[in-house]
Number of protein chains: 2
Amino acid sequence: MIEEHALFCNGKHHKMERFLEVCLLLLLYDEVGYGYGLIEKLVFFGFSEDELNVSTLYRTLRKMEKEDLVTSNWEEGGPGPRRRIYETTENGKNGLNQWIQILKVRKSRIEKLISRYDDLNIV
Amino acid sequence: MIEEHALFCNGKHHKMERFLEVCLLLLLYDEVGYGYGLIEKLVFFGFSEDELNVSTLYRTLRKMEKEDLVTSNWEEGGPGPRRRIYETTENGKNGLNQWIQILKVRKSRIEKLISRYDDLNIV
DNA sequence: AAGGACTATATGCATAAGGAATATAGCATC
DNA sequence: GATGCTATATTCCTTATGCATATAGTCCTT
């Protein structure tokens, strides 16, 4: 019984499409960052450290670089392993603006659905 | 320039994952429905008639039936082509309850992101 | 009644997002 | 120099979804 429900709502497929990408654009808007370090900052947006997939993060950053939303450089000196430091491009900043509009639409759709659900008056 | 931004935010990939599925569960919660007819009702949730992909709709309904979230029967009599009439199962109703919780989380994440974006004070 | 328009459902092909596992490599510390 | 940690990268796979196309019955018009 419970297992069936778990089956329905299980897994990791509750991410909003490209939401990670938008979070990254926002985090990099006014300060640079690197892959591993960004993970901690993503907690702010509700990503738990184990929920967030490291490979997804790196793949996303590289993809965003290809699309000229961010650029990267290897860190000069510094302790520990080398870090690839990312920063947002102008193009990325414009893209963020547009994504915010899209997210507002998403939000209002969710609100509509929830309020209609509440109207059902389920016991 | 504008084209590049369009490139970033173009296409149809701004759907929330499995959002359609949840809308269908809600629409079928207290009254039955069939594929084509559900399209009109989905407008309520922000799906424009051309935005909504018909094949996606039918495929989604069939998938939900496989997962025992809905059941279907061919309509008896009635004018026009035969319709496959869907209704929600108990399992589907429980699933909806769970999805609502997930959507509340999604919503709060979006809100957090938007408010942080507003804090940037972009001209 | 033949043709065309419309309703309704279904399927094959392709792409994109993202998870799991694994690989590589430098640095730290003992 | 062996072990463990930090950091980045890649391969394989599944899922969600769009586009195009197929099928078939009904209705309307001439």
Side-chain angles (χ1 to χ4, degrees), chain A residues 7-24 32-42 47-67 69-70 72-86 99 102 106, chain B residues 7-24 32-42 47-67 69-70 72-86 99 102 106:
Chain A
L7 228 162
F8 177 49
C9 277
N10 74 347
K12 321 75 205 170
H13 290 284
H14 303 140
K15 312 239 181 244
M16 281 166 290
E17 192 175 29
R18 297 179 76 174
F19 187 67
L20 173 61
E21 200 169 329
V22 188
C23 290
L24 290 172
V32 300
Y34 67 100
Y36 235 76
L38 287 164
I39 292 177
E40 294 166 37
K41 298 191 182 176
L42 282 165
F47 291 94
S48 64
E49 300 229 12
D50 54 314
E51 177 197 358
L52 183 63
N53 195 293
V54 185
S55 55
T56 300
L57 176 70
Y58 281 106
R59 217 189 303 111
T60 302
L61 285 168
R62 303 296 272 157
K63 190 195 73 170
M64 289 167 71
E65 187 163 20
K66 259 194 219 153
E67 292 167 347
L69 301 169
V70 297
S72 73
N73 292 293
W74 287 106
E75 189 180 36
E76 304 284 335
R82 283 192 314 166
R83 293 169 173 175
R84 185 187 285 278
I85 307 292
Y86 285 93
W99 267 109
I102 290 169
R106 277 192 192 175
Chain B
L7 227 161
F8 177 47
C9 276
N10 73 347
K12 322 74 204 171
H13 290 285
H14 304 139
K15 313 238 180 245
M16 280 168 292
E17 193 176 28
R18 298 180 74 174
F19 187 67
L20 173 61
E21 202 169 328
V22 188
C23 291
L24 289 173
V32 302
Y34 68 101
Y36 236 76
L38 287 164
I39 292 176
E40 294 166 37
K41 299 191 181 175
L42 283 165
F47 292 94
S48 64
E49 300 229 13
D50 54 311
E51 177 197 358
L52 182 61
N53 196 291
V54 184
S55 55
T56 300
L57 176 71
Y58 281 104
R59 221 184 306 109
T60 302
L61 285 167
R62 303 298 273 156
K63 191 195 72 171
M64 289 166 72
E65 187 163 20
K66 259 195 218 152
E67 292 167 347
L69 301 169
V70 297
S72 73
N73 292 292
W74 287 106
E75 189 181 37
E76 303 286 335
R82 284 192 317 163
R83 294 169 172 175
R84 186 187 282 281
I85 307 292
Y86 285 94
W99 267 109
I102 291 169
R106 277 192 192 174

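Here is how names work: the chains are called A, B, and so on, in the same order as the sequence lines, proteins then strands, and each is numbered from 1.
Remark: A/Arg83 CZ to A/Tyr36 OH distance equals 11.5 Å, nearest 0.5 Å. Atoms OH and CD, on B/Tyr86 and B/Glu65 in that order, are 5.5 Å from each other to the nearest 0.5 Å. The distance from atom CD1 of B/Ile85 to atom CD of B/Glu75, rounded to the nearest 0.5 Å, is 4.5 Å.
Under 3.5 Å, the side chain of A/Thr56 and the base of C/dA17 form no donor-acceptor pair of N or O atoms. In this model, a side-chain donor or acceptor of A/Ser55 finds a partner on the base of C/dA21 within 3.5 Å. No N or O donor and acceptor, one from the side chain of A/Arg83 and one from the base of C/dG26, sit under 3.5 Å apart.
As rounded to whole Å, 18 Å separates atom P of D/dT17 from atom CZ of B/Arg62. The CD-C1' distance, from A/Glu21 to C/dA17, rounds to 10 Å in whole Å. A straight line from NZ of B/Lys66 to C1' of C/dT11 spans 12 Å, rounded to a whole angstrom.
Closest to the side chain of B/Pro81, out of D/dT6, C/dT7, C/dG12, is C/dT7. Side-chain proximity of B/Val54 to the nucleotides C/dT9, D/dA9, D/dC19 is greatest for C/dT9. When the nucleotides C/dA8, C/dG12, C/dA17 are ranked by their closest atom to the side chain of B/Tyr36, C/dA8 comes out on top.
The one candidate from B/Leu20, B/Leu24, B/Thr56 that meets the side chain to side chain contact (heavy atoms under 4.5 Å, CB included) condition with B/Leu61 is B/Leu24.
The residue A/Arg82 sits close only to the backbone: its heavy atoms come under 4.0 Å of sugar-phosphate atoms, none of a base.
Of the side-chain N and O atoms in B/Arg84, one or more sit less than 4.0 angstrom from OP1 or OP2 of C/dA10.
Mapped onto DNA chain D by nearest heavy atom, A/Tyr34 and B/Thr60 fall at different nucleotides, with A/Tyr34 at the one closer to the 5' end.
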